Amino acid sequence: MVFKLNNSLLFTAKRVINLNSKRLSSDATTRPATIKRLRLSKTQIAFGLATSVGIIEYNTNDTFHAFVRHVGLTTKRSGIVAQATVRCFYDYRKTLNNKYETQEEYYNALDACHLRCALITLDALRQNGGIYIKLGQHISAMTYLLPPQWTDTMIPLQDHCPKSTIEEIDNMFKHDLKMGIDEIFSEFNPEPIGVASLAQVHTATLNDTNDRVAVKCQHPSLKEFIPLDIMLTQLVFNLLDVFFPEYPLTWLGDELQTSIYVEINFEKEAKNAIDTQNYFAKYKKQTALRIPNVISAHKRILIMEYITGRRLDDLQYLDENNISRAEVSSCLSHIFNNMIFTPNVGIHCDPHGGNLAIRACKYGSSSNPHNFEIILYDHGLYRHPTTEMRRDYAKFWLALFDQDQDKMKFYAKRFAHINDKQFPLFAAAITGRSIDTALNYDISSSRSKNEIDVMSKGILKGNFLTNLMSILATIPRIVLLILKTNDLTRHLDECLQNPLGPERTFLIMTQYCSKTVYDEDCEEINKLNIRWSWSWTLSHILAWLNYEKRVKKLVLYDIALWWKQNIMTML
């Protein structure tokens, strides 16, 4: 029995030895494959570890989280711009390179292309927000330059801008002022009363004084992406210049870059508001201007006196409060002509409907004899032209009123740097009238619907558009902003439906132009003559008579108007 058991154990041991030998030999032959599999596993393990560390850092390390988020959003914003640019360039290239049987077929195809590309661009601007909204607003205002498919499509961007959340605003307060919203205000309305491309405005009540204030808060995301967005917009305009050299728009990118960094500094805006408020304090009789007081200013946060009003083009409000449209039109003319033609005074270069308001008030104020106040907001975009440029610009308008084309050309060349060939088109752009009307100006005539239609359709025909764009690409940037200001104030004046027409408005402009030229004449007389000499005295008298001759035209016009409205109606 024992012998059998030993034999069994011996047999089992041999079997185990044989199996181990086979396994060892098998391991020897398959070891390279195993090693290879182990190397792949190490790579995968390293990748997994790196991914895990990245996830942990993303969720625990604020700096790393912000970096990854910034890279992701940058890629997304760049992709949106790139996709829209490629789609628009391809569509325009395809449309312009096609062959058409008739001119009408070509214009119809181009109109459709304008609309498609404008809608693509609108979607991209809305997705990215920020300064892209600002760019869209610029485009919507360029009715004198771009086809209506583009300007009309961008109109929604004037009033519908994406807003920042109250959490983002509160975090900005804590970062910039080292205090949260609750520490500064006893009440803060989380819903903004106005949202623009660069900022939004909230109403609030100050803890210290219990005063009701308006708080202008810059969109916090602007600080992160403005350098990238400026670079992308300039890249697009440069590409446009390469592919479509006949439509130079690089100046628009340059102007956006120049103005945007000024507009986002609310400390500069506060200074502009205070300077303008102090200057116009002595002109309330002519302007009825009211600028909200600045309470405190920081680079991204501006706290102001809260003054509310209605839009200037709210004709029902004007009529309900017995506010004269003609008086409002005159006050607007005094405000902006005073800014444009008076040396050393800053020009508000963004007077669109959202930045102006009107509110009714009682008669009786010695400083403001009107029954209304015109409120001017948003003092971020100001320019200060040289005195020489203002004087040349004034002389241009005086020559235009006198229908002296030779002098018009001379002074247009001086301040706008244009040539004889460009002059007729430039005169049309600066006056907002057709070329024939601009060269033979009649201040008593309003723009008819037919004239506006002719101008709008003319943009799309022949070389009108390319010639106009080439002019705007070369004239000084300050002149472009004055053109923009003229267009916006002209549009506001037309919206008021002034019963007196444009004649009185232009006579007011003549006063400021004449004063500018008169001051220059006096300076020259003082330089060339001995004070109180006969030549000095005679020269001053002649200069004063020439000035008074122009100024008294407005007085005579007002007397004739009063006689017509008060005496003739009684007869």
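All values reported here derive from a predicted model rather than from experimental measurement. In what follows, every heavy atom counts, from backbone to side chain, and hydrogens, waters and symmetry copies are set aside.
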Side-chain contact, heavy-atom cut-off 4.5 Å: [X] with [Y]?
| X | Y | value |
| --- | --- | --- |
| Ile541 | Thr537 | yes |
| Leu232 | Val236 | no |
| Thr485 | His348 | no |
| Asn293 | Gln277 | yes |
| Val262 | Leu381 | no |
| Leu332 | Leu356 | yes |
| Val328 | Leu312 | yes |
| Val551 | Lys515 | no |

Problem set entry | Set of ring pair (Phe, Tyr, Trp, His ring centres under 6.0 Å) partners for Tyr279, sequence neighbours left out | Tyr283

Exercise. For Trp532, which residues count as a ring pair (Phe, Tyr, Trp, His ring centres under 6.0 Å) partner, sequence neighbours excluded?
Worked result: Trp536

Output yes when a side-chain donor or acceptor of [X] lies under 3.5 Å from a complementary backbone atom of [Y], and no otherwise.
| X | Y | answer |
| --- | --- | --- |
| Asn278 | Ile274 | yes |
| His370 | Cys361 | no |
| Thr489 | Asn486 | yes |
| Ser329 | Arg325 | no |
| Ser533 | Ile530 | yes |
| Gln422 | Asn419 | yes |
| Arg390 | Thr342 | yes |
| Tyr317 | Ile323 | no |
| Asp176 | Arg300 | no |
| Thr276 | Ala273 | no |

For this session: Begin with the C-alpha distance, continue with both residues' side-chain angles, and end with the deciding distance and a verdict on side-chain contact (heavy atoms from CB on, under 4.5 Å) for Ile295 and Thr209.
Result: CA-CA 11 Å; Ile295 296 172; Thr209 61; over 6 Å; no

Problem set entry | Electrostatic pair Asp402:Arg550 at N-O distance under 4.0 angstrom |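 A salt bridge links Asp402 with Arg550.
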
Exercise. Looking only at side chains, do Asn526 and His540 share a donor and an acceptor under 3.5 Å apart?
Worked result: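 Side chains of Asn526 and His540: pair found under 3.5 Å.
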
For this session: For the pair Lys553 and Thr510, evaluate side-chain contact (heavy atoms from CB on, under 4.5 Å) and give the outcome as yes or no after the intermediate values.
Result: CA-CA 9 Å; Lys553 287 183 179 180; Thr510 304; 5.8 Å; no

For this session: Could you walk me through whether Thr287 and Ile374 pass the side-chain contact (heavy atoms from CB on, under 4.5 Å) test, one step at a time?
Result: CA-CA 8 Å; Thr287 65; Ile374 294 177; over 6 Å; no

Can you tell me how far apart [atom1] ([X]) and [atom2] ([Y]) are? Round to the nearest 0.5 Å.
| X | Y | atom1 | atom2 | value |
| --- | --- | --- | --- | --- |
| Ile226 | Ile264 | CD1 | CD1 | 3.5 Å |
| Asn546 | Ser514 | CG | OG | 7.5 Å |
| Asn529 | Arg531 | CG | CZ | 11.5 Å |
| Asp493 | Asp313 | CG | CG | 12.0 Å |
| Leu135 | Tyr132 | CG | OH | 9.0 Å |
| Met304 | Glu269 | CE | CD | 6.5 Å |

Problem set entry | Partners meeting side-chain contact (heavy atoms from CB on, under 4.5 Å) with Ser164 (sequence neighbours left out) |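 Here the qualifying residues are Glu168, Ile169, Gln200, His219, Pro220.
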
Problem set entry | Which residues share a side-chain contact (heavy atoms from CB on, under 4.5 Å) with Lys407, sequence neighbours left out | Ala399, Asp404, Tyr411

Atom of [X], atom of [Y] and distance for their closest heavy-atom approach:
| X | Y | value |
| --- | --- | --- |
| Phe280 | Leu289 | CG-CD2, 3.7 Å |
| His384 | Val345 | CD2-C, 4.0 Å |
| Ala270 | Val294 | CB-CG1, 3.9 Å |
| Ala288 | Phe372 | CB-O, 3.6 Å |
| Tyr306 | Ala214 | CB-N, 3.8 Å |
| Leu481 | Cys349 | CB-SG, 3.9 Å |

Exercise. Mind checking whether Tyr547 and Tyr518 have ring centres under 6.0 Å apart?
Worked result: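 Here the rings of Tyr518 and Tyr547 have centres that are less than 6.0 Å from each other.
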
Seminar exercise, completed: Which of Phe410, Trp397, Phe396 passes ring pair (Phe, Tyr, Trp, His ring centres under 6.0 Å) with Phe415? It is Phe396

Exercise. Could you walk me through whether Ser333 and Tyr512 pass the side-chain contact (heavy atoms from CB on, under 4.5 Å) check?
Worked result: CA-CA 10 Å; Ser333 185; Tyr512 287 95; over 6 Å; no

Exercise. If you draw a 6.0 Å radius around CG in Asn344, do more than 12 non-hydrogen atoms from other residues or ligands fall strictly inside?
Worked result: no

Problem set entry | Within 6.0 Å of CD in Glu388, more than 12 heavy atoms from elsewhere | no

Problem set entry | Qualifying salt bridge (charged side-chain N to carboxylate O under 4.0 Å, His left out) pairs with a residue from residues 371-382, counting only residues at least two apart or across chains | Lys216-Asp378, Arg290-Glu373, Arg359-Glu373

Exercise. Salt bridge (charged side-chain N to carboxylate O under 4.0 Å, His left out): which pairs involve residues 273-284, sequence neighbours left out?
Worked result: Lys271-Asp275

For this session: On the 0 to 90° scale, with breaks at 30° and 60°, tag the Tyr393-Phe341 ring pair as parallel, tilted or perpendicular.
Result: parallel

